[in-house]
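Here's the structure, in structure tokens; my notes come after.
Only a predicted model underlies this, so the values are computations on that prediction, with no experimental measurement involved.
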Amino acid sequence: MTAINDSRFEHEVFLLTGIPGQETVYLWISFPFCLMYIISIVGNSFIVFVVRKDASLHEPMYIFLSMLAITDLGLSITTMLTTLPIFLLNSREISLDACFAQLCFIHSLACIESSVLLFMSFDRLIAISYPLRYASILTPQRLAKMWLVCVLKGVALNLPLPILLKRFRYCRENVLTHSFCTHGEVMRMACSDVTVNVIFGLLNALITQGLDSLFIFLSYVMILKTVLSITSKAECLRALNTCVSHLCAVLAFYMPYIGLTLMHRFGRSSYLVQIILGYIYLLFPPVMNPIVYSVKSKHLRMKIVRIFVNCHLLHSV
């Protein structure tokens, strides 16, 4: 591998990894990946479109859902740019600057998604515990400020990552584990002291996913406390049913993240398991969230069906 003129770097590019040992069937593997990306992009785009166009969906729950869909769209597009070329064209090379930019987007969007999930848990808590004050607490102005906080938090905490990484020389093996760049992996390729990056990455994870998951847990403790105080069993089940979609989104996002973090830091699991878990972490939530919410939300499902019917009637005329 030739070195570029800037003496800080020994490597000109990093090499991404698809699924080791399966190179001969990459074209076949590309079909499910393409399908997942299509479902994610079309599903999340449709949710954003429906919520924006239908005034009856301009409620906090659906506005938060559109925020989640926008974030999932960003994650899908960011990872698709490197994942599909690997499986379709066996194009594995990525420049250092492109890798730094991608990891900044991935970590920022993951941070934003975590914050949105936290605010969605607050939404459920207020709806169940303080139903009469729901509309007065979650006003449109307050929702806009919450979205702004999510974005600024994600950008502010992760914009330093590429700046910190550009300081290093990269002279070790330049093959990354996944088909996308992450801070932890790129950091390990450096031939310099990465103590600052390790500490910053740990603090970043604790401030974002760590605190967010803690507050989500506490929100559901308070929700359960309220629900268990309801005397009517039917009302109790109805209240819990409104949380199912959000719980699915939380589990789909946090379970792979926790597993991947533990494997990278403490475990000696299979290399293939780490790769598959990495795909699940970044691909599964954007695919599943629009499906789960469309299935569980009768109101949203009816609006989507109505739009499809109207489109069909227009084409029939």
Side-chain angles (χ1 to χ4, degrees), residues 43-44 46-48 50-52 54-72 112-147 149-150 208-258 284-307:
N44 287 297
F46 208 72
I47 285 177
V48 174
V50 171
V51 173
R52 182 182 177 185
D54 198 316
S56 67
L57 295 178
H58 292 176
E59 300 175 6
M61 182 178 73
Y62 297 110
I63 293 174
F64 280 127
L65 178 57
S66 67
M67 294 178 189
L68 187 67
I70 291 170
T71 309
D72 284 336
I112 293 171
E113 177 142 355
S114 180
S115 298
V116 172
L117 290 173
L118 171 61
F119 286 141
M120 292 176 83
S121 71
F122 289 163
D123 168 75
R124 292 299 84 210
L125 174 62
I126 295 169
I128 293 172
S129 301
Y130 310 99
L132 298 179
R133 298 175 57 195
Y134 181 69
S136 62
I137 294 175
L138 295 176
T139 61
Q141 295 79 9
R142 193 161 289 165
L143 293 176
K145 290 178 181 177
M146 294 168 80
W147 174 240
V149 167
C150 289
T208 55
Q209 283 89 345
L211 283 178
D212 289 349
S213 59
L214 174 62
F215 285 128
I216 290 172
F217 173 76
L218 293 176
S219 297
Y220 273 98
V221 169
M222 297 174 69
I223 288 172
L224 281 175
K225 183 180 178 181
T226 302
V227 168
L228 292 176
S229 65
I230 300 175
T231 54
S232 171
K233 185 177 180 181
E235 290 294 327
C236 178
L237 292 174
R238 189 177 296 112
L240 287 175
N241 189 52
T242 63
C243 300
V244 172
S245 299
H246 178 253
L247 278 173
C248 290
V250 169
L251 292 175
F253 179 79
Y254 280 104
M255 293 305 290
Y257 171 76
I258 293 171
F284 189 67
V287 172
M288 290 306 299
N289 288 341
I291 296 174
V292 170
Y293 274 96
S294 298
V295 169
K296 288 298 297 179
S297 175
K298 182 179 178 181
H299 192 40
L300 180 62
R301 186 171 65 249
M302 288 174 62
K303 297 296 180 182
I304 292 174
V305 171
R306 185 175 299 173
I307 289 176

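- Within the model, atoms CG of L125 and NZ of K225 stand 11.5 Å from one another, a figure rounded to the nearest 0.5 Å.
- Put simply, the side chain of Y220 reaches to within 4.5 Å of the side chain of H246, judged on heavy atoms.
- Here the side chains of R124 and T242 are in contact, with some heavy-atom distance below 4.5 Å.
- In this structure, the side chains of P60 and L143 come closer than 4.5 Å at one or more pairs of heavy atoms.
- For the side chain to side chain donor-acceptor pair (under 3.5 Å) test, residues two or more places apart in sequence or in another chain that qualify with R238 are E235.
- Taking the ring-ring contact (aromatic ring centres under 6.0 Å, His included) definition, one finds that F122 meets it with nothing, sequence neighbours left out.
- Partners of I291 under the side chain to side chain contact (heavy atoms under 4.5 Å, CB included) rule, at least two apart in sequence or in another chain, are I39, V287, V295.
- At least one side-chain heavy atom of F119 sits under 4.5 Å from a side-chain heavy atom of C150.
- How far CE of M61 is from CE of M120: 8.0 Å, rounded to the nearest 0.5 Å.
- The two residues N44 and P286 have their closest heavy-atom pair at ND2-O, 2.9 Å.
- In this structure F253 satisfies the ring-ring contact (aromatic ring centres under 6.0 Å, His included) test together with Y281, sequence neighbours excluded.
- Using modelled atom types, one side-chain atom of S213 and one backbone atom of G210 make a donor-acceptor pair closer than 3.5 Å.
- Between S114 and T208, the shortest heavy-atom contact is OG-O, 4.1 Å.
- A side-chain hydrogen bond (donor to acceptor under 3.5 Å, both in side chains) check over residues 60-72, counting only residues at least two apart or in different chains, returns the pairs Y62-S297, D72-N289.
- Annotation: the span from M67 atom CE to L117 atom CG amounts to 12.5 Å, rounded to 0.5 Å.
- Within the 4.5 Å cutoff, no side-chain heavy atoms of S121 are placed close to those of F217.
- Remark: Y134 pairs with D123 by the side chain to side chain donor-acceptor pair (under 3.5 Å) rule, at least two apart or across chains.
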